[in-house]
Trainee: 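Right, I'll just put the structure down here and ask away after.
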Amino acid sequence: MASMGYRVGRMVRNVRGFNPVRLVRDRKNAPRKPPIDPDQMTLQEHLIEFRNRLVKAMLGVFAGMIVGFAFAGRVYDYMRHVATNIDPNVQFLQTEPTEAFITYFKVAAYIGIILASPIIFYQIVRFLAPGLLPHELKYVLWSIPVASALFICGVVFANLLEIPQFLHFLISYTAGFIGNFTVTAENYLTFFIRLSI
């Protein structure tokens, strides 16, 4: 009986000394798990890091594609307008039942990649960051906005100046050698994307 009274008294003292505020404070001040040292990462940890960065970049492209679906029709009309300005007899063919849908989807993806380029560049740099010295990382992080702006300016330059001039040469060459310039919508879009990106 004496041992039971001792246990009960001990439990009462523990309950009286219970302070939830102190418990939360102690949990906040508990030592944190140290960050993973990139030099000590295993192959599996590197692959997990790569997967996480890839998923974040793909989510950025997906978000850009959602915006791209709103403008895909206008962008493709501009692409067709470039060719018809050079030669009104240019014809665009659809050789498969799903080609119009796939082309619309590709235009949206094209817009999504352009809009997500800052996110893509950032994820690439963050994946490579453990191999860089701190002062090198600082300069590389500052270069992300510049690289993104230059990439977007390059795409705009290609679509407004380079592609129309190159297309003028190709259409005039085709008209003099074969006849009318006829192309499938998907091949024409692939031509635009390759020269732009």
Trainee: Taking side chain to side chain contact (heavy atoms under 4.5 Å, CB included) as the test, write out the residues that go with Tyr104, two or more places apart.
Mentor: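 For Tyr104 the side chain to side chain contact (heavy atoms under 4.5 Å, CB included) partners, ignoring immediate neighbours, are Phe69, Ala72.
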Trainee: Would you name the heavy atoms of Ala158 and Pro164 that are closest together and state the gap between them?
Mentor: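 Minimum heavy-atom contact is O-CD, 3.9 Å.
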Trainee: Hey, are the side chains of Phe105 and Met65 touching, using non-hydrogen atoms and a 4.5 Å cut-off?
Mentor: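 The answer is yes, as the side chains (C-beta and beyond) meet within the 4.5 Å cut-off.
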Trainee: Are the side chain of Tyr188 and the backbone of Met79 linked by a donor-acceptor contact shorter than 3.5 Å?
Mentor: yes
Trainee: Looking at Glu45 and Thr42, would you say the former's side chain and the latter's main chain have a donor-acceptor pair under 3.5 Å?
Mentor: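 Looks like yes, one N/O pair under 3.5 Å.
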Trainee: Starting from the C-alpha separation in whole Å, work towards a yes-or-no answer on side-chain contact (heavy atoms from CB on, under 4.5 Å) for Val183 and Phe191.
Mentor: CA-CA 10 Å; Val183 66; Phe191 166 78; over 6 Å; no
Trainee: Hey, does the side chain of Ser196 reach the backbone of Ile193 with a donor-acceptor pair shorter than 3.5 angstrom?
Mentor: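 Not confirmed, Ser196 side chain does not pair with Ile193 backbone.
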Trainee: Would you indicate whether the side-chain heavy atoms of Tyr122 and Leu141 approach each other to under 4.5 Å?
Mentor: yes
Trainee: Does anything in residues 63-83 pair up under side-chain hydrogen bond (donor to acceptor under 3.5 Å, both in side chains), and if so which pairs, sequence neighbours excluded?
Mentor: His81-Asn85
Trainee: Using 30° and 60° as the class limits, which term best fits the ring planes of Tyr139 and His135: parallel, tilted or perpendicular?
Mentor: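 Aromatic pair Tyr139/His135 classed perpendicular.
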Trainee: Report the hydrophobic cluster partners of Val55, with the cluster defined as I, L, V, M, F, W, Y residues connected by side-chain heavy atoms closer than 4.5 angstrom, directly or transitively.
Mentor: Leu59
Trainee: Within a strict 4.5 Å, meaning less than it, do heavy atoms of the Glu99 and Thr184 side chains meet?
Mentor: yes
Trainee: Report yes if some heavy atom in the side chain of Arg126 is under 4.5 Å from a heavy atom in the side chain of Leu137; otherwise report no.
Mentor: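 Yes - at least one pair of side-chain heavy atoms lies under 4.5 Å apart.
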